[in-house]
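Below is one structure, written out as structure tokens, with a few remarks after it.
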2 protein chains.
Amino acid sequence: MAESKENLLMEKIVSLCKRRGFVFQSSEIYGGINGFWDYGPLGAELKRNVKELWWNTMTRQREDVAGLEATIIMSPAIWKASGHVDTFSDPMCSCKACKKLIREDQWWPLMCEQDWVQSLATIVEVGTGSINAEDLLKWAKGKGKHSAPNLALIRNPEVTLSWLAEDAAAGKRPADAKDYYLYLATEQRGANGLVKPCPHCGGELTEPRPFNLMFKSHYGPVESEDNVCYLRPETAQAIFAQFQNVLVTSRQKVPFGIAQMGKAFRNEITPRNFTFRSREFEQMELEFFIKPDEAIEAIHGSVITVPETGHPGEPQPAWGWQAWHQYWVEERVRFYEGIGLARTTLGFHRQTAEELAHYARACVDILFKFPFSKKDENGELKGEELEGIAARSDFDLSQHQRFSGKVMGVFDEELRTAWGKLPKEKQDDLWRRYYENRKKYLTKTGVEPEAAAKQATEDANGLTKGQYLPHVIEPSAGVDRLILALITNAYTEVVKTDDKGKSETTYVMKFHPRVAPIKVGILPLLKNKPELVKKAIEVRDLLRPWMNVYYDDGGSIGKRYARQDEAGTPYCVTIDFDTLGEKPELLDTVTLRHRDDGRQERLKISELLGWLLSNTR
Amino acid sequence: MAESKENLLMEKIVSLCKRRGFVFQSSEIYGGINGFWDYGPLGAELKRNVKELWWNTMTRQREDVAGLEATIIMSPAIWKASGHVDTFSDPMCSCKACKKLIREDQWWPLMCEQDWVQSLATIVEVGTGSINAEDLLKWAKGKGKHSAPNLALIRNPEVTLSWLAEDAAAGKRPADAKDYYLYLATEQRGANGLVKPCPHCGGELTEPRPFNLMFKSHYGPVESEDNVCYLRPETAQAIFAQFQNVLVTSRQKVPFGIAQMGKAFRNEITPRNFTFRSREFEQMELEFFIKPDEAIEAIHGSVITVPETGHPGEPQPAWGWQAWHQYWVEERVRFYEGIGLARTTLGFHRQTAEELAHYARACVDILFKFPFSKKDENGELKGEELEGIAARSDFDLSQHQRFSGKVMGVFDEELRTAWGKLPKEKQDDLWRRYYENRKKYLTKTGVEPEAAAKQATEDANGLTKGQYLPHVIEPSAGVDRLILALITNAYTEVVKTDDKGKSETTYVMKFHPRVAPIKVGILPLLKNKPELVKKAIEVRDLLRPWMNVYYDDGGSIGKRYARQDEAGTPYCVTIDFDTLGEKPELLDTVTLRHRDDGRQERLKISELLGWLLSNTR
């Protein structure tokens, strides 16, 4: 039941998104296309604001980050080097009967969408070992054939029920609905043991096989293997591929970052949760390149580490990967706080050693508690990933160096000078550690042990001359899921009861002013008074070059406020007769109304722009 | 020779683009991918500025335009309705020998890239009818086999030369290099007449066949005909498909527009001219919906038309499509002027009746005079298309209504009221004209005459009740070609000669401040004076929240100015000892240096932000 309350909330949010023009289904007039969503007028502005803030925060406001805007289609060699061609896949089962494909890890959630799960639980006497077979069959027939377990019962009730009876007699019985389902649905029990049924038709599913998630196309006029191309499944790889070009042209030195925003595509088997998991989405990724710890140690004597909680403050030259990683986690949390997602709405997941990719040293996921999020053992929402901040070692540049044959490393004068002054012992120690790390990486990515040792020796020798492959910290965020988090977070129902006890629900989208699609509504008190309209248009034209404004003269002031509340406009400015000087002391002042508490104040028009700029930026 | 001078200019521009980080070849470390280009740090900022200005001008600063951001992959049904599945194709020939494909209209330009064209002209006695066959053969052998005509000569010199002799004797001879080429290369002359040779290998080309330019992929887990999808070849169609959703949620009424920017993809056979014709590009499109002229006439008695030159001023209620079209042409020219493309750098092409699509009533292309543009009969650059402004009638909405079965029209209260007051005669006249237009459109798009007449009758009856399909004016611009125009326009070589007569060339990118990637360079006079550095950082932090700044303390001031000149930074601010109060009257002032004329002036720090804001916006 708790489940449905949250589903209901999502339904209301989806409905408001369409009604107010935040999000539409792509190609709706043609029945839509699964996993693709469009942003309407308000959604497009919201998204633009979020991207602009990210870009400003990560690039323009920093000395140590340069921007990049690469293409969506790149050389397929990039995806070979990154591993996406070979391993970017989900295990998938297909149904031998209806031919549909099901992502293995989605099988049970899809099953759960069938109403039989709840129903079964109520008609079976749980825990007694006995099964009311007749009731079960009656129920199954009543439900029809649309849910798979019923199929098993209806198709072959005698056999199924005799199994149930048999097993029950032997004291074997499924402990919960999932087992029970498998149990019931397995008409083919026997030689192969349990076979998973198709959630759609009850047919038999194949064993899982890998399915590549990249959208594939062909460039150039011939459709052949030679000109296969992919839609990028992430924006990150272009940053690695263009690392040297950006390094040279931006006059940056390690540590520095390259930022990119843009579309990415994943052919998800089961897109779900509105815009959260879609097939076309947008990413905001930073690759922040740092010196390997061995280089830091050579230069600074030792590597500074920082506590795993809290912001470690301004970057220090002797920071190793751990400090940089923690720094970026906290920088990113600050960003989310700065656009209205309080820390309490977020969750954190530090990946365990088992979860980490072999090359990764750490990864922290920043989660947002969506209504559809999984829950922990206490029934609290755990949250779903908004952004992952990964310490990826030198894996990426190393792969591209190996596959392209181009040098992806840098020369570090400071390191070369420092190295010469190190005692032999220290040199040997650092050499050995760098060598081991390189060899380990090379071996893990499939290089033969002998070749790996040879390459690692070369790399470690390079280190002594000031050369290395930078390591990287990657804060990688999804725009669309952030937009959905902001919308969810902003969504507020306000129930107002009038004198006669009649209550009405209104909706207020409490966006942070920084991201709000419209910053201010300009409302002349009456639209049939030319002096009011003239003044209102003056105010509009004063503000419009600086921010997105919405001029509205339709309906009562209350209705217009409500409209702006739904759009999430933080402020409304009303031009009334006092503005025109009816009370002389109020000449050229306006009423400024706050969205979240309805508070109103009187401001001079001459102060309005300044006030709004400092309260919406 | 004139040709090569302009090629040289393009080469220099391409080189500067890479050197300064405006544009890189996509996937360069893997040998690139033809037709794809990345924007480096400066290019990404330039592009962001241009897009931001377009969005502001077209959407935020107007009451009558709403924004949209739709997906790149949409339902394939959209491209069926738009006609792209059936007709968005180029005629292509393929080579029977080397299997390469050549766009028919690119065949001759590709031929011209072979050096034989010029050479032939010099070794053949033009105009005498005689051919020096021996010289020709010698020349062809010397050139080797890499150019097609030589192949014909070398492979079969006797036959080729005997043809030449024969024809020359008969007084037949090719008048220019193109004919001559065909002549020489046609080993297969005879039954089929002339056969076009392959520019790459000299082999025989097939007859041209249509080749669809849309990138094709599949969504969902199965690669079948049922889930083919396309990368959009233009952003416009999503606007039509979402017309009703935007109309309802934005509270707009016709006339109003929907604006969208975003990536589009065309699998060009021969991408060329740097970023001008690439396979992945970005568009900025507005679809501005207007009432059909018959509705205007019903409401206002007559339709206002305007002169075909000059801006017609503020929109009027009685404007028909012609006035709106002219309005948008001039609005767009103003936009280009506002970012530094003077009218003299632009060209205009009004499509002729033959060039127009069958549904279009007019189309004006705004051209920019690129170095690679074609020339007119006077040798002047004609320019290449930056933007087309088309009057597309109600074609698009009508197609989507027909294919989706959804109502794409609007109800217009004003029209309904006005219609009732019209004399019967006028009603009949308007009814008839609207009927004829609708029938003509329906018939042209393949609807059977009888069905078309029936539908047109319904539509015309709808008009009498205030219903119609809006017509549309479409200003459609390409971002990447605009960026290339801005770069070309900004590119300036400055030759300085010192006292000793030694000259040096420097490069100044004279971008309009509005689009310049960096607005201001912040330069402390010396980097080893902490007071100067501290002050410079204060100035940087004062300006940075408001604009993109670049802090630079490396090298002499002259070198730093030159660096910013190449980046196109319009202003540099130098913090010197006077800033610190060495001359007390200059305390807290800085030197502001103008990029284009090197002029310097002294400004108070307190006035700096205001000055820069008003000079860069």
Side-chain angles (χ1 to χ4, degrees), chain A residues 19-21 24 26-41 43-45 47-48 60-61 63 66-75 77-78 92 101 211 215-217 219-222 231 238 241-242 245-246 249-250 263 267 269 279-280 400 404 406 544-545 548 551, chain B residues 19-21 24 26-41 43-45 47 55 60-61 63 66-75 77-78 92 101 211 215-217 219-222 231 238 241-242 245-246 249-250 263 267 269 279-280 400 404 406 544-545 548 551:
Chain A
R19 180 161 48 85
R20 286 311 313 250
F24 306 132
S26 168
S27 318
E28 193 187 298
I29 59 170
Y30 292 102
I33 172 169
N34 193 12
F36 295 89
W37 299 93
D38 291 351
Y39 291 90
E45 287 294 338
K47 196 173 164 195
R48 287 184 63 73
R60 288 185 178 168
Q61 301 298 316
E63 290 289 299
L68 179 70
E69 200 188 309
T71 50
I72 289 168
I73 292 178
M74 303 190 282
S75 165
I78 286 180
M92 296 246 310
L101 283 104
F211 167 79
F215 279 90
K216 197 167 98 173
S217 191
Y219 67 100
V222 188
L231 305 193
Q242 294 288 16
N245 270 337
V246 176
T249 59
S250 68
K263 285 279 175 94
N267 198 359
I269 308 310
R279 288 176 168 149
E280 176 174 337
H400 285 295
S404 72
K406 301 284 192 302
R544 202 156 63 173
N548 201 26
Y551 181 86
Chain B
R19 181 161 48 85
R20 286 312 312 251
F24 307 132
S26 169
S27 318
E28 191 188 299
I29 60 170
Y30 292 102
I33 172 169
N34 193 12
F36 296 88
W37 299 93
D38 291 351
Y39 290 90
E45 287 294 339
K47 195 173 164 195
W55 187 261
R60 289 184 177 169
Q61 302 297 318
E63 291 289 299
L68 179 70
E69 198 187 309
T71 50
I72 289 167
I73 292 178
M74 304 190 282
S75 166
I78 286 180
M92 297 247 309
L101 284 104
F211 167 80
F215 279 90
K216 195 166 99 170
S217 190
Y219 67 101
V222 188
L231 305 193
Q242 295 288 16
N245 271 335
V246 176
T249 60
S250 68
K263 285 278 176 93
N267 197 1
I269 308 311
R279 287 176 168 151
E280 176 174 337
H400 285 294
S404 72
K406 301 283 191 304
R544 200 155 65 174
N548 200 28
Y551 181 86

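Note on naming: letters A, B, ... go to the chains in the order of the sequence lines (proteins, then strands), and numbering restarts at 1 for each one.
- Using a 4.5 Å cut-off between heavy atoms, A:Gln242 contacts chain B through its side chain alone, with no backbone atom that close.
- Looking at heavy atoms from C-beta onward, A:Ile72 lies out of side-chain contact with B:Phe36 at the 4.5 angstrom threshold.
- Of the atoms belonging to B:Glu63, heavy atoms from both backbone and side chain fall under 4.5 Å from chain A.
- If you tally non-hydrogen atom pairs under 4.5 Å between each of A:Ser404, A:Gly67, A:Ala44 and chain B, the highest count goes to A:Ser404.
- At a 4.5 Å heavy-atom cutoff, the contact between B:Leu231 and chain A is made by side-chain atoms alone.
- Contacts between A:Asn245 and chain B at a heavy-atom distance below 4.5 Å involve backbone atoms as well as side-chain atoms.
- Scanning all heavy atoms of the two residues, the minimum distance from A:Gly220 to B:Phe211 falls at O-CZ, 4.1 Å.
- Of all the heavy atoms in A:Ser27 and B:Ile78, the pair that sits closest is OG-CD1, 3.6 Å.
- Contact of A:Lys406 with chain B is made through the side chain alone, with heavy-atom distances under 4.5 Å.
- Only the side chain of A:Glu280 comes within less than 4.5 Å of a heavy atom of chain B; its backbone N, CA, C and O stay farther away.
- Contact record, A:Phe24 with B:Thr249: CZ-OG1, 3.7 Å, taken as the closest heavy-atom pair.
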Please test A:Tyr30 against B:Met74 for side-chain contact (heavy atoms from CB on, under 4.5 Å), starting from the C-alpha separation and ending with a verdict. CA-CA 10 Å; A:Tyr30 292 102; B:Met74 304 190 282; over 6 Å; no
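- Side chain to side chain, B:Thr71 and A:Ser26 meet the donor-acceptor criterion of an N or O pair below 3.5 Å.
- Note: A:Ala77 leads A:Ala66, A:Ala77, A:Gly32 in heavy-atom pairs under 4.5 Å with chain B.
- A:Leu68 and B:Tyr39 get closest at one heavy-atom pair: CD1-O, 3.2 Å.
- Contact count against chain B (heavy-atom pairs under 4.5 Å) is highest for A:Pro545 among A:Gly21, A:Gly40, A:Pro545.
- Both the backbone and the side chain of B:Arg60 come within contact range of chain A, judged by heavy atoms closer than 4.5 Å.
- Taking each heavy atom of B:Ile33 and A:Ser75 in turn, the nearest pair found is CG2-N, 3.8 Å.
- Between the side chains of B:Glu69 and A:Trp37, no donor N or O sits under 3.5 Å from an acceptor N or O.
- For the set A:Glu45, A:Arg19, A:Met92, the entry with the most heavy-atom pairs within less than 4.5 Å of chain B is A:Glu45.
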